[in-house]
Colleague: 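Below: one structure in structure tokens.
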There are 4 protein chains.
Amino acid sequence: MTRIENSHSRHPMKSPPQPRKTPRQARSQQMVEVILEATARVLGERGYAGTNTNVVAERAGVSVGSVYQYFPNKDSLITALHERHATQMYAAIDEVLAASRARSLRGRVQAMVRALLAAHAVCPELHRVLEKEFPFFDAPREESAADHDIFRRVRQLLDEHRPELTPRNLDLATWVVLQIMETLVHAAVIEPPAQFAPAALEASIVDALMGYLCGPSPSGRQVESHA
Amino acid sequence: MTRIENSHSRHPMKSPPQPRKTPRQARSQQMVEVILEATARVLGERGYAGTNTNVVAERAGVSVGSVYQYFPNKDSLITALHERHATQMYAAIDEVLAASRARSLRGRVQAMVRALLAAHAVCPELHRVLEKEFPFFDAPREESAADHDIFRRVRQLLDEHRPELTPRNLDLATWVVLQIMETLVHAAVIEPPAQFAPAALEASIVDALMGYLCGPSPSGRQVESHA
Amino acid sequence: MTRIENSHSRHPMKSPPQPRKTPRQARSQQMVEVILEATARVLGERGYAGTNTNVVAERAGVSVGSVYQYFPNKDSLITALHERHATQMYAAIDEVLAASRARSLRGRVQAMVRALLAAHAVCPELHRVLEKEFPFFDAPREESAADHDIFRRVRQLLDEHRPELTPRNLDLATWVVLQIMETLVHAAVIEPPAQFAPAALEASIVDALMGYLCGPSPSGRQVESHA
Amino acid sequence: MTRIENSHSRHPMKSPPQPRKTPRQARSQQMVEVILEATARVLGERGYAGTNTNVVAERAGVSVGSVYQYFPNKDSLITALHERHATQMYAAIDEVLAASRARSLRGRVQAMVRALLAAHAVCPELHRVLEKEFPFFDAPREESAADHDIFRRVRQLLDEHRPELTPRNLDLATWVVLQIMETLVHAAVIEPPAQFAPAALEASIVDALMGYLCGPSPSGRQVESHA
DNA sequence: GATGAATGAGATTTCATTCAT
DNA sequence: GATGAATGAAATCTCATTCAT
């Protein structure tokens, strides 16, 4: 996890059972963190096109060489950032859902939306870039571990409330829920139409999700459509 | 003089004594069209990072100079493409909504979703890039005329069906509807989870929209929530 | 003179003895004038590096093609401008020297300096570029007819006052006088050290010229130097 | 860190335990020097218009990137070259004036002129371009530190010989002297009218300067003239 | 003759990546 | 491991010139 792609880590057997945190590991970890933080800032401020490894290194107070010590190339920086973000979001979602096990579906959905809004409010610029300009270039796509975790966790939530739900296909429903939640949260934070109050936006997101999950069922269930 | 604007000139030289005028206009118009078409193809095949003015020019069978005769810089190509896309989508939405005036809200929403899915199915690669990698850098954001047209048109649809709707704030509702529709249509076309049938995806999109628009919505009114 | 390098002028025998000024010739002449005027303005405002034929054409309210109708290439524009300037300066010098035939050498020199200062005061920016950035690139140099005229005229002035002069070699003296006069006039007009009054600058130029022409003679005459 | 400044590092690694420091500095310094030298050669051979960063880099045996590592853009190369030239001229002037303190004004002026002629004789082509084609575009003008040094040094010379001088305003006189000396030296080296012997040219320059400085000057005082 | 759209060689500049120290 | 100077392929953009209308 410290090194992103190709790892060279070889401990020069000094002290046998390192006391606190293995100095080397720790420094590496910290370096990665610093670089990622700088990437986030630069990306947030200048967009993908305006981001380059030299600037990132400078911002991180580190040499370009060091960036390449931990990241094989420029795109891996962004991939790592995305992964980190997804991991954080997963943590937030998991925590909130675990803590609200006793509440209603609406209550839990709302808690989740609120947590995500809060998490994204920190540096909206970055998330805008991260979500909208995520490099499709050559990236294998869709193999983010954290993304899968999120999927599983939300899918589990739906499972726990299956009786209340209109949609029958829970995989599909999870996918729809995640798409809606993600867009609306980002849109609410990033391009918040000035005239809408934050609370109104949050409520709308919850309404949209609940409307889909528990709405009337004229079609949705049967896979066939009626043109 | 014909820079960047794109109007679909259709003067199939019927009447012989044509008012002698458009020859210049037409040439320019056509050049813009050719360049934009090439940009679309290249963008679809190589992504934003892989697209450059030389390739676009080559693809268009035109010299780089000509590209710069009509577009001040690389980004303006993409902006123009985005605008063209929005214009086309507006046309599609407007047509379908006008033609379905007699139908139910669900029927009209479904028609709209179907039209958009069809329009995006043409070259999904391009739309993937266009919607996801759209470069914001420093763009003024949100000043697309066609985007506003779309907003107005959908807002009008909601107006026409106001009695059936749960949301009270129609501006907010229009915004939510557009966000949901856009993401789901794109996601359905671009990263269609293999296991879901197209018809099921379409139905889900309609369900999501209708769920939001006509759902029970116990929160919709009161802006405050019960955390 | 109408066309700078390669002339195509062929009168399509319409009216035999054209009444006033031969319309064609006149139009050409005027075109050349307009283009040269535009070149002067652009050159003055943007310097040599910032000047290009397209801008010149636009400024002249003429098409690029027309520029190339009268000037074989970009540099010829500047050469022509230089020649025009030299011609004007020759005219000014000649007039003033002819009119002051009765006066003292100092009087005539002063009249000449004053005339040149006045002529250059019109658009100093242009002259700065014209004199300082004159394209040496490939220009044959030193074959300006007007420059030779000026040389001859000043040489004649010195001839007329030979008895009063310290320098023996009048060709050399003419060369020195022209160099000094040119630099100081330009410097006075272009980079006038704010603290010096125009009149003081004029006086200094005259003093410098007269000092050289009528100064003491410890060396100047004998070509050998005493290191 | 070593960008553009040029100081003539002469640490011929004598002492072994060198304070370990300059290695980097020295490399940079040397690179700047190499690039500037190449620029000078190219400029001298091909003129401003014919000079481009690729050629400069190639000539310097360095990559274009390296040129841009030390110079922000093409023009800065020329500006730096100009500055270097001015610095060298200042050094030459200062040395000669210091060494001739005991001599007469004429002797010192002559020494100065001779030194400048010698300095410019090295590569006249370069100086031609440097002085005549120096790009002003938008340059702040007149802010060369070395130019100011030269002014001060010559002004001091005049101060030291004040009693012998005709001009009263020594700032103005310094300005005039520098203008005359500069033009004539350049002209003598660059466009030396074939018929004039170098010695005659040198003598004429000295005569011109001395004529101005010690001439009779019936006007010098009264600013108003008698047109 | 006049026009100006089109051309494309070439100039400027950037930036991911390497590698000697 | 860390550094950052050096690299140079490649991208963006300019502009003198041509030529069909």
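Throughout, protein chains are lettered first and strands after them, A, B, ... in sequence-line order, and every chain is numbered starting at 1.
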Colleague: To the nearest Å, give me how far apart OH (B:Y48) and C1' (F:dA11) are.
Modeller: 11 Å

Colleague: Could you pick out which residue, A:G65 or C:G65, lies toward the 5' side of DNA chain E when each is mapped onto its nearest nucleotide?
Modeller: C:G65

Colleague: E:dA16 phosphate, OP1 or OP2: any side-chain N/O from A:N52 under 4.0 angstrom?
Modeller: yes

Colleague: Roughly, in whole Å, what's the span from NZ in D:K74 to C1' in E:dG10?
Modeller: 12 Å

Colleague: To the nearest Å, give me how far apart CG (B:N73) and P (E:dT13) are.
Modeller: 17 Å

Colleague: Among E:dT3, E:dA16, F:dT3, which nucleotide has an atom closest to any side-chain atom of A:S66?
Modeller: F:dT3

Colleague: Rounded to the nearest 0.5 Å, how far apart are CZ of A:R84 and OG1 of A:T39?
Modeller: 8.5 Å

Colleague: Hey, which of D:N73, D:V64, D:V42 is the one that makes side chain to side chain contact (heavy atoms under 4.5 Å, CB included) with D:T53?
Modeller: D:V64

Colleague: Please state whether the phosphate of F:dA6, meaning OP1 or OP2, lies under 4.0 angstrom from any side-chain nitrogen or oxygen of D:Y70.
Modeller: yes

Colleague: Taking atom P of F:dG4 as reference, at what distance in whole Å does atom CE of D:M31 sit?
Modeller: 18 Å

Colleague: Spell out, as yes or no, whether a donor-acceptor pair under 3.5 Å connects the side chain of C:S66 to the backbone of C:V62.
Modeller: no

Colleague: Starting the side chain at C-beta, find the nucleotide from F:dT14, E:dT13, E:dG1 nearest to C:Q69.
Modeller: E:dG1

Colleague: Start at the 5' end of DNA chain F and walk down; is the nucleotide closest to B:T53 or to D:V67 reached first?
Modeller: D:V67

Colleague: Heavy atoms from C-beta onward define the side chain here; which of E:dT17, F:dT12, F:dT17 lies closest to that of C:Y68?
Modeller: F:dT17

Colleague: Rounded to whole angstrom units, what separation is found between the CD atom of B:Q30 and the P atom of E:dA5?
Modeller: 15 Å

Colleague: If you check the C:S63 side chain, which of E:dA6, F:dT12, E:dA2 turns out closest?
Modeller: E:dA2

Colleague: Is there a donor and acceptor pair closer than 3.5 Å between the side chain of B:N54 and the base of F:dA10?
Modeller: no

Colleague: Give none if E:dT18 has no partner; otherwise give the nucleotide forming a Watson-Crick or G-U wobble pair with it, both distances under 3.5 Å.
Modeller: F:dA5

Colleague: Send over the distance from D:I35 CD1 to F:dT7 C1', rounded to a whole Å.
Modeller: 12 Å

Colleague: Closest approach to the side chain of D:V64, judged atom by atom: which nucleotide of E:dA16, E:dA5, E:dT13 is it?
Modeller: E:dT13

Colleague: Rounded to whole angstrom units, what separation is found between the CD atom of A:E58 and the C1' atom of F:dT3?
Modeller: 14 Å

Colleague: Establish, for the pair C:K74 and C:Y48, whether the NZ or CZ atom is under 6.0 angstrom from the six-membered ring centre and no further than 45 degrees off its axis.
Modeller: yes

Colleague: Got a sec: does the CD of A:E33 have more than 12 other heavy atoms crowding it under 6.0 Å?
Modeller: yes

Colleague: On DNA chain F, compare the nucleotides closest to D:G61 and B:V55; which residue's is nearer the 5' end?
Modeller: D:G61

Colleague: Send over the distance from C:D75 CG to F:dA16 P, rounded to a whole Å.
Modeller: 9 Å

